[in-house]
Amino acid sequence: MKTKLFLFFLMLLFLSVTSNAQWLSDIRMTNNSANSYTSGGNGWCIASNGNIVHIVWYDYRDANWEIYYKRSTDGGASWGADTRLTYWALSSESPSIAVSGPVVHVVWHDARFGNDEIFYKRSTDNGLTWGADTRLTSNDANSVYASIAVSGSALHVVWTDNRDGFYQVYYKRSTDGGNNWNMDYRLTNTGSNNANTASVTVVGFVVHVAWADSRDGNWEIYYRRSTNSGSSWGLETRLTNSPDYSINPSIGVSGQSVHIVWRDYRNGNGEIYYKRSTNGGSSWASDYRMTNNDDFSASPNIAISDQIAHVVWADNRDGNWEIYYKRSTNGGSSWSSDTRLTNNSDNSHMPFIDVSGSVVNIVWYDYRDGNPEIYLKRNPTGNPVGIEVIGSELPGEFKLFQNYPNPFNPVTNIQFSIQKSGHVKLTVFDITGKEIASLINQDLNTGTYNYDFDASNLASGTYLYRLSAEGFTDIKKMMLVK
């Protein structure tokens, strides 16, 4: 018994040491002699739907700033060619991207009419072809740093605009997938003070917006929400109250859990702070300090997957700016230690993060090549979704159990035991043998696990599920009855 326990804890130690090895090597996404930047705003430069991952950036290779795009169809492992999205003599900068099914939406600010305005473009075929540019704002002032979120056919865009003589946060929506757009709506009213760096996220009909605001004499983080898909808005909520600047919020949501990270100077240098609400934004927990070092931490970005929260930022603790990451697997109640993702002799800045299934992808710009280029890093098993550990004892064998309930509608539980730690795949096929879902594709410890399989998007019928692990394979049938 003692020998078994020793081996078990030895395996846990080995896996804990090698867990960061799941972060694969950096992938250089651009290669030209000009400068390439991820957005300077608080949207996202990366989005995904299943295995199709999309990134956007702005690039000076054409002797003026243009918006570029590229995609991966295998979860970020390999990438297609660069696609130029804008063609104008003046600057197009700071894109933000969102995706719903095969429809990809991009917003940016553009100086083609002499001042910066917000523009929009979409693809309805997963980025293969693109429609015409749509101008979203039209005024004599500057509209900059747009952030976009999507829920089905409802699009939500926020940006910063100085048409009122000082910068305010504005909002616009489309209810038909980007074909038509409502009037601009001013979200902030700070008197003679500025508001900026807005970030938007949405779940169902509930839209959440966070921004930084100087109405209180120093910059603080504010929040506002709509519970009817942007038709009307609740009151502003001040989220921070510190003696120094709080700026650059990034907001994410899963169900009733709303999460915000930002950069905060209350400790004398910029540190990353976090705050959450567990009731859809009605009330908020205390601020939580995410970083603690003598140098600057900046540009936080957050992605949420059910109870797993992922945060990425740039950090100067190593003498130059590097990309750092940490995550919570319990909805923000506790957090892992910091993980340094880059290690090169020059600066790495402005990271953005995306999660799809078990895969985590991060994109940023990097000076290691002498000029800023776009880089990407991925962890194919960084988001362990759908898995519940129900026993960590050493099983006597590999085993795949019959799902329960069976027949089911639409959720069933699949239990399996792993005798030896290693790579595990749990896959669902239709009766013809066509793969329709990859549930697990990652390294797992020895133990017994549950996976709750949701077949809401499948038709009634018989399906097969297969477990593959360390030379073991077993297949069983299950029946979906709707």
Side-chain angles (χ1 to χ4, degrees), residues 26-41 43-49 52-74 76-100 102-137 143-148 150 155 157 159 177-179 349-352 354 361-367 369-376:
D26 301 352
I27 301 173
R28 183 174 175 178
M29 304 295 286
T30 58
N31 194 342
N32 61 78
S33 58
N35 295 339
S36 303
Y37 292 110
T38 47
S39 177
W44 283 259
C45 285
I46 183 169
S48 61
N49 176 42
I52 304 181
V53 187
H54 313 266
I55 68 167
V56 287
W57 70 95
Y58 63 111
D59 199 304
Y60 203 73
R61 72 183 73 175
D62 308 295
N64 63 297
W65 295 107
E66 302 287 356
I67 307 301
Y68 273 79
Y69 160 87
K70 72 193 308 173
R71 72 170 192 166
S72 167
T73 58
D74 56 10
S78 62
W79 291 83
D82 300 354
T83 298
R84 181 176 170 180
L85 294 187
T86 57
Y87 289 85
W88 293 94
L90 293 175
S91 296
S92 303
E93 301 178 27
S94 293
S96 174
I97 191 168
V99 61
S100 178
V103 187
V104 189
H105 309 273
V106 177
V107 290
W108 68 95
H109 65 252
D110 197 306
R112 69 185 72 174
F113 295 111
N115 62 303
D116 285 317
E117 303 282 4
I118 306 301
F119 278 78
Y120 162 80
K121 197 180 191 87
R122 73 174 179 180
S123 167
T124 59
D125 55 10
N126 275 313
L128 290 175
T129 61
W130 291 83
D133 300 354
T134 299
R135 182 177 177 178
L136 296 188
T137 61
S143 304
V144 292
Y145 300 129
S147 173
I148 187 169
V150 59
L155 302 177
V157 178
W159 69 94
N179 291 315
H349 290 289
M350 292 301 299
F352 296 88
D354 175 76
N361 280 298
I362 294 171
V363 64
W364 70 94
Y365 73 87
D366 200 302
Y367 281 88
D369 307 296
N371 63 299
E373 300 281 5
I374 307 301
Y375 273 79
L376 180 134

Subject >> Phe119-His109 aromatic ring centre distance below 6.0 Å >> reply: no
Original post:
Ignoring hydrogens and geometry, is there a side-chain-to-backbone donor-acceptor pair from Ser72 to Ile52 under 3.5 Å?
Top reply: no
**OP:** Could you check Trp108 against Lys121 for side-chain contact (heavy atoms from CB on, under 4.5 Å), going step by step and ending with a plain yes or no?
**Re:** CA-CA 9 Å; Trp108 68 95; Lys121 197 180 191 87; 3.6 Å; yes
Original post:
Measuring from Leu85:CG to Asp59:CG, what's the distance to the nearest 0.5 Å?
Top reply: 11.5 Å
Original post:
Are Tyr58 and Trp65 an aromatic pair by the rule of ring centers under 6.0 Å?
Top reply: yes
Subject >> Test log, rule side-chain contact (heavy atoms from CB on, under 4.5 Å), inputs His105 and Tyr120 >> reply: CA-CA 7 Å; His105 309 273; Tyr120 162 80; 2.8 Å; yes
Subject >> Inter-residue atom distance Thr137.OG1 - Phe113.CZ, 0.5 Å rounding >> reply: 10.0 Å
Original post:
Do NZ/NE/NH1/NH2 and the carboxylate oxygens of Arg28 and Asp369 come within less than 4.0 Å?
Top reply: yes
**OP:** Keeping the roles fixed (side chain from Lys70, backbone from His54), state whether a donor-acceptor pair exists under 3.5 Å.
**Re:** no
Original post:
So, for Leu90 and Gly114, which heavy atoms are closest and what is the spacing to 0.1 Å?
Top reply: CD1-N, 4.4 Å
Original post:
Can you check whether Asp125 reaches Pro102 side chain to side chain, under 4.5 Å on heavy atoms?
Top reply: no
Subject >> Donor-acceptor under 3.5 Å (Thr86 side chain, Ser92 main chain) >> reply: no
Original post:
Cut-off 3.5 Å, side chains only: do Ser91 and Asn64 have a donor facing an acceptor?
Top reply: no
Subject >> Closest contact, heavy atoms only, Ser48 versus Asp354 >> reply: OG-OD2, 2.5 Å
**OP:** May I ask you to test the Trp57-Tyr69 pair for a side-chain heavy-atom distance under 4.5 Å?
**Re:** no
**OP:** Grab the two heavy atoms, one from Ser39 and one from Cys45, that are nearest each other, plus how far apart they are.
**Re:** N-SG, 3.1 Å
Original post:
Would you find more than 12 non-hydrogen atoms of other residues, nucleotides or ligands less than 6.0 Å from Tyr145 atom OH?
Top reply: no
Original post:
Has the side chain of Arg122 got a donor or acceptor atom that lies under 3.5 Å from a matching backbone atom of Gly177?
Top reply: yes
**OP:** Taking all heavy atoms of Val99 and all of Ala47, pick out the closest pair and write down the distance.
**Re:** CG1-CB, 3.8 Å
Original post:
Quick one: is the NZ or CZ of Arg112 closer than 6.0 Å to the six-membered ring centre of Tyr87, and within 45° of its axis?
Top reply: no
**OP:** Examine the side chains of Asp116 and Ser143 and answer whether a donor and an acceptor come within less than 3.5 Å of each other.
**Re:** no
Original post:
Roughly how far, to the nearest 0.5 Å, is CH2 of Trp88 from CG of Asp110?
Top reply: 8.0 Å
Original post:
What distance do Ile97 atom CD1 and Ser147 atom OG have between them, rounded to the nearest 0.5 Å?
Top reply: 12.0 Å
Original post:
What are the two closest non-hydrogen atoms of Val107 and Ala146, and how far apart are they?
Top reply: CG2-CB, 3.7 Å
**OP:** For the pair Trp44 and Val56, evaluate side-chain contact (heavy atoms from CB on, under 4.5 Å) and give the outcome as yes or no after the intermediate values.
**Re:** CA-CA 9 Å; Trp44 283 259; Val56 287; over 6 Å; no
Original post:
What's the spacing between Glu93 CD and Ile67 CD1 if we round to 0.5 Å?
Top reply: 7.5 Å
Original post:
Quick one: do Asp82 and Arg61 make a salt bridge, cutoff under 4.0 Å?
Top reply: yes
**OP:** Can you see which heavy atom on Val106 is nearest to which on Pro95, and at what distance?
**Re:** CG1-CB, 4.3 Å
Subject >> Check: Tyr60 main-chain N/O paired with Glu66 side-chain donor or acceptor under 3.5 Å >> reply: no
Original post:
Just checking, any donor-acceptor pair under 3.5 angstrom between side chains of Asp62 and Tyr68?
Top reply: yes
**OP:** Please test Tyr367 against Asn35 for side chain to side chain donor-acceptor pair (under 3.5 Å), starting from the C-alpha separation and ending with a verdict.
**Re:** CA-CA 9 Å; Tyr367 281 88; Asn35 295 339; over 6 Å; no
Original post:
Could you walk me through whether Ile55 and Arg71 pass the side-chain contact (heavy atoms from CB on, under 4.5 Å) check?
Top reply: CA-CA 6 Å; Ile55 68 167; Arg71 72 170 192 166; over 6 Å; no
Original post:
Would you say Thr30's side chain and Ile374's backbone share a donor-acceptor pair under 3.5 angstrom?
Top reply: yes
Original post:
Would one find more than 12 heavy atoms of other residues, nucleotides or ligands at under 6.0 Å from atom CH2 of Trp79?
Top reply: yes
